[in-house]
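Written out below as structure tokens is the structure these notes cover.
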Amino acid sequence: MGVSNTNSDKTQEEEQQDLPKVVLLRPPPAFSLIGEESFASNKFQFLKTYDSQLPLDQFLSTHSHSIKAILSSAGAPVNADILQLLPEVGLVVTTSAGLNHVDIPECRRRGIKIANAGHVYSDDVADLAVGLLIDVLRKVSASDRYVRQGLWADKGNYLHGSKLGGKRTGIVGLGNIGYEVAKRLEAFGCVVSYNSRKKKPYVSYPFYHNVCELAANCDALIICCGLSDETRHMINKPVLSALGKEGFIVNIGRGDIIDEKEMVSCLMRGEIAGAGLDVFENEPNVRKEFFAMDNVVLSPHRAVFTPESLKDLSQLVVGNLEAFLTNEPLLSEYVDNE
Amino acid sequence: MDCNGYRQENHDQNLFPKPKVLVLEPPPVFIYHEEKLSQKFHFLKAWDSPLPLEQFLTTHAHSVQAILSHGSCPVTTNTIRLLPSLGLIVTTSAGLDQIDLQECRRRGVSVAYAGNLFSADVADIAVGLLIDALRKISAGNRYVTQGLWANNGDFSLGSKLGGRKVGIVGLGSIGLEVGKRLEPFGCNILYCSRNKKSSVSYPYYSNVCELAANCEVLMICCELNDQTRHVINKEVLLALGKKGLIINVGRGAIIDEQEMVRCLMQGEIAGAGLDVFENEPHVPSELISLDNVVLSPHRAVHTEETLMALVDLVIGNLEAFFSNKPLLSPVLLDE
């Protein structure tokens with residue numbers, strides 16, 4: 001039979017090279033935020049297209065036989081063109097909860113499984129949503145500026161804010177994040193209602209069939225849904241008018257869910273009372289009109305980024321990849337039923 | 001108004017004069033709602049007079065029965081002694097440290113305050129300041145408006161609320177409202193108070209230093225009195241530690257402010273959210289230069305809705321007093 005090729009005869013590098021590959025089309029933010037070491041595993045090896053001089057399709061074709069999974073993050077779409085070059089791929093794992101950059105029907109067609117960030121971020125995003133709502137209702141950041149500018153001593157009391165208790169808060173998208181937001185708002189005495197793709201049988205909050213009706217019946221809209229063809233620019237002029245002069249909007253979903261130009265107009269004309277925004281249509285280039293508005297709180301897309309959640313994310317990503325490679329059930333498989 | 005209307009009103013005023021209420025300095029509610037208040041009461045405005053206070057009191061106010069005061073307007077022993085007919089002090093604050101309660105007790109002067117009217121609003125701000133300090137909301141806002149997100153890239157990370165141990169100092173009505181709000185965020189609530197509260201299951205600590213050593217956030221929700229003045233001192237701040245945050249919605253003097261500033265500058269604690277200061281409206285300039293503090297100009301109670309409710313409460317208390325009925329929100333002075 002010849003010389004036996006046991007593991008001890010191979011170098012560590014050779015062993016590494018035998019491992020199934022997980023391809024990355026762009027570096028995930030989490031790699032630089034908590035370090036790539038958090039994502040290491042002895043069951044797979046990362047292959048970085050961005051580290052190579054080769055054009056993308058050539059790189060993928062060259063390695064296609066060993067690439068079993070894609071680790072994806074927003075900004076580098078996983079579309080039919082990419083998938084066509086990777087016939088061995090059986091799993092797409094994303095570092096985000098959102099999947100608008102993944103061609104889901106194409107994955108389904110090819111029998112490719114999808115795993116996202118699951119609920120890893122839900123608490124952090126919900127915390128920030130509530131923080132932004134309190135800020136914009138009670139003018140926390142604006143009054144902090146007032147103090148820093150020396151105006152408290154000069155001009156006396158800052159403007160009044162608006163009480164949280166009793167405010168009707170409309171949650172747009174009652175998924176995990178929306179649900180966590182609702183739970184928190186109840187403790188402040190807010191009255192919660194929602195609009196979602198489908199009515200949720202397990203909650204007792206009033207359900208509105210369309211977002212315009214929800215806006216007409218609440219004092220603050222909290223955008224917690226994902227970005228899709230249906231939700232792009234869903235918050236438009238009629239919705240903002242329905243929300244009204246005393247209405248507030250908080251967005252921790254995606255910038256494109258709101259018609260941003262229209263929202264700026266409404267804010268400038270006083271047709272809505274204020275906004276708390278973590279996401280924008282053209283990050284990181286935030287419209288300058290917002291900068292001068294005292295009734296707007298701007299957050300640089302940080303809703304998910306705490307070190308603790310990023311650690312949880314790294315464990316989830318590795319767990320999903322390892323489960324897939326050992327034929328175990330995925331930890332956070334995305335299923336199309338929201 | 002025509003001559004007849006004026007004469008009639010003057011006539012009514014002489015038959016049924018509005019009760020006189022002394023105001024030493026105008027509370028915010030007076031500034032915003034003087035008209036509504038003046039419909040029922042005649043206010044003697046000490047601050048408006050060229051006379052020094054003592055002279056004003058002996059000249060114009062010696063027969064006055066009621067004072068309308070507010071949180072940072074002292075009602076001293078001396079003032080009370082110059083008013084032999086005084087029967088009531090109404091303060092628009094929840095805090096009472098500005099009133100000589102002992103002298104009130106001695107003289108049988110009743111005191112009415114804001115009761116629990118503000119508790120929800122104060123708790124909302126306390127939690128808002130905590131989320132801001134932990135998740136860097138105001139600092140992030142500055143980062144964006146200074147053009148740094150576009151130019152310098154991603155802002156720094158905040159810290160998670162869930163799982164964090166939060167120590168509430170003073171579990172009165174404000175402290176309880178804070179605890180209620182923090183629970184769905186997944187915080188672990190601990191507290192220290194004058195007495196253990198049998199109605200809550202949060203772990204109790206009998207002294208604030210031990211509480212600080214066992215938590216990552218201190219929320220100051222207690223009142224200012226002789227026991228709590230500077231109770232948050234160097235020892236407590238060091239026990240809280242380098243990753244600790246302090247949120248104060250009580251009174252500035254509960255914290256040794258100079259020591260806290262030093263700890264913040266030297267990184268002995270991680271940050272702060274402050275609605276109150278030892279010498280308002282003066283805020284130590286060192287704090288202005290720090291990115292890890294959130295500064296609020298003593299406005300935890302300033303919402304439109306609550307101020308409207310406060311006007312009604314003040315009117316209600318004054319009316320009750322002048323018609324010999326029980327006060328709506330009396331302070332129990334016999335404690």
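Sequence lines set the chain letters: A, B, ... in the order given, protein chains first and strands last, and positions in each chain run from 1.
Looking at A:Lys139, both its backbone and its side chain come within 4.5 Å of chain B, counting heavy atoms on both sides. Of the atoms belonging to B:Leu157, heavy atoms from both backbone and side chain fall under 4.5 Å from chain A. With a 4.5 angstrom heavy-atom cutoff, A:Asp127 touches chain B via backbone and side-chain atoms both. For a residue to count as touching a neighbouring chain, one of its non-hydrogen atoms must lie under 4.5 Å from one of that chain's; by this rule B:Leu274 does not touch chain A. In this structure, chain A has heavy atoms under 4.5 Å from both the backbone and the side chain of B:Asp154. In this structure, the portion of B:Leu287 lying under 4.5 Å from any heavy atom of chain A is its backbone and not its side chain. Residue B:Leu182 does not touch chain A at all, counting heavy-atom pairs closer than 4.5 Å. For B:Val301, the part lying near chain A is the backbone, with the side chain staying farther off; criterion is any non-hydrogen pair under 4.5 Å. Only the side chain of B:Val283 comes within less than 4.5 Å of a heavy atom in chain A; its backbone stays farther off. Only the backbone of B:Ser156 comes within less than 4.5 Å of a heavy atom in chain A; its side chain stays farther off.
When B:Leu148, B:Ile131, B:Leu129, B:Leu130 are compared by the number of non-hydrogen pairs under 4.5 Å with chain A, B:Ile131 comes out ahead. Listed options B:Glu280, B:Lys136, B:Gln146 were ranked by heavy-atom pairs under 4.5 angstrom with chain A; first place goes to B:Glu280. Most heavy-atom pairs under 4.5 Å with chain B: of the set A:Gly131, A:Ala142, A:Ala126, this distinction falls to A:Gly131. Among B:Ile31, B:Thr306, B:Val144, the residue making the largest number of heavy-atom pairs under 4.5 Å with chain A is B:Val144.
Of all heavy-atom pairs between B:Ile288 and A:Val147, the closest is CD1-O, 3.8 Å. For the pair B:Ser159 and A:Pro307, the tightest heavy-atom approach, listed with the atom from each and the gap, is CA-CD, 4.5 Å. For the pair A:Pro300 and B:Phe155, the tightest heavy-atom approach, listed with the atom from each and the gap, is CG-CB, 3.6 Å.
Side-chain contact between A:Trp152 and B:His298 is present, with heavy atoms from C-beta onward closer than 4.5 Å. You'll find the side chain of A:Val286 stays beyond 4.5 Å of the side chain of B:Thr145, heavy atoms only. Using a 4.5 Å heavy-atom threshold, the side chains of B:Arg299 and A:Asn157 count as separate.
No donor-acceptor distance shorter than 3.5 angstrom exists from the side chain of A:Arg145 to the backbone of B:Ser138, with no hydrogens or angles considered. Although no hydrogens or angles enter the test, the distance criterion places no donor-acceptor pair under 3.5 Å between the side chain of B:Arg135 and the main chain of A:Thr306. Between the side chain of B:Asn141 and the backbone N or O of A:Leu298 there is at least one donor-acceptor pair closer than 3.5 Å.
Note that CZ of A:Arg148 and OG of B:Ser289 are 8.0 Å apart. Values are rounded to the nearest 0.5 Å. Rounding to the nearest 0.5 Å places CH2 of B:Trp149 at 4.0 Å from CD of A:Glu283. One finds the CD1 atom of B:Ile137 at 5.0 Å from the CG atom of A:Leu128 (value rounded to the nearest 0.5 Å). From A:Tyr146, atom OH reaches atom OG of B:Ser296 across 12.0 Å, with rounding to the nearest 0.5 Å.
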Item to check | Step-by-step side-chain contact (heavy atoms from CB on, under 4.5 Å) determination, B:Val294 to A:Val140 | outcome: CA-CA 8 Å; B:Val294 187; A:Val140 177; 4.0 Å; yes
Checklist entry - Under the side-chain contact (heavy atoms from CB on, under 4.5 Å) criterion, do B:Phe185 and A:Asp123 qualify, and how do the steps go? => result CA-CA 7 Å; B:Phe185 289 88; A:Asp123 285 344; over 6 Å; no
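Heavy-atom contacts from other residues, nucleotides or ligands closer than 6.0 Å to CD of B:Glu183 number more than 12. Atom CZ of A:Phe248 is surrounded by more than 12 heavy atoms from other residues, nucleotides or ligands within 6.0 Å.
A donor-acceptor pair shorter than 3.5 Å can be found between the side chains of B:Glu305 and A:Ser162.
Of all residues spanning residues 308-315 of chain A, those with a heavy atom less than 4.5 Å away from chain B's heavy atoms are A:Glu308, A:Ser309, A:Leu310, arranged by number. Chain A is approached within less than 4.5 Å, heavy atom to heavy atom, by B:Ala120, B:Asp121, B:Asp124, B:Ile125, B:Val127 from residues 119-127 of chain B, ordered by number.
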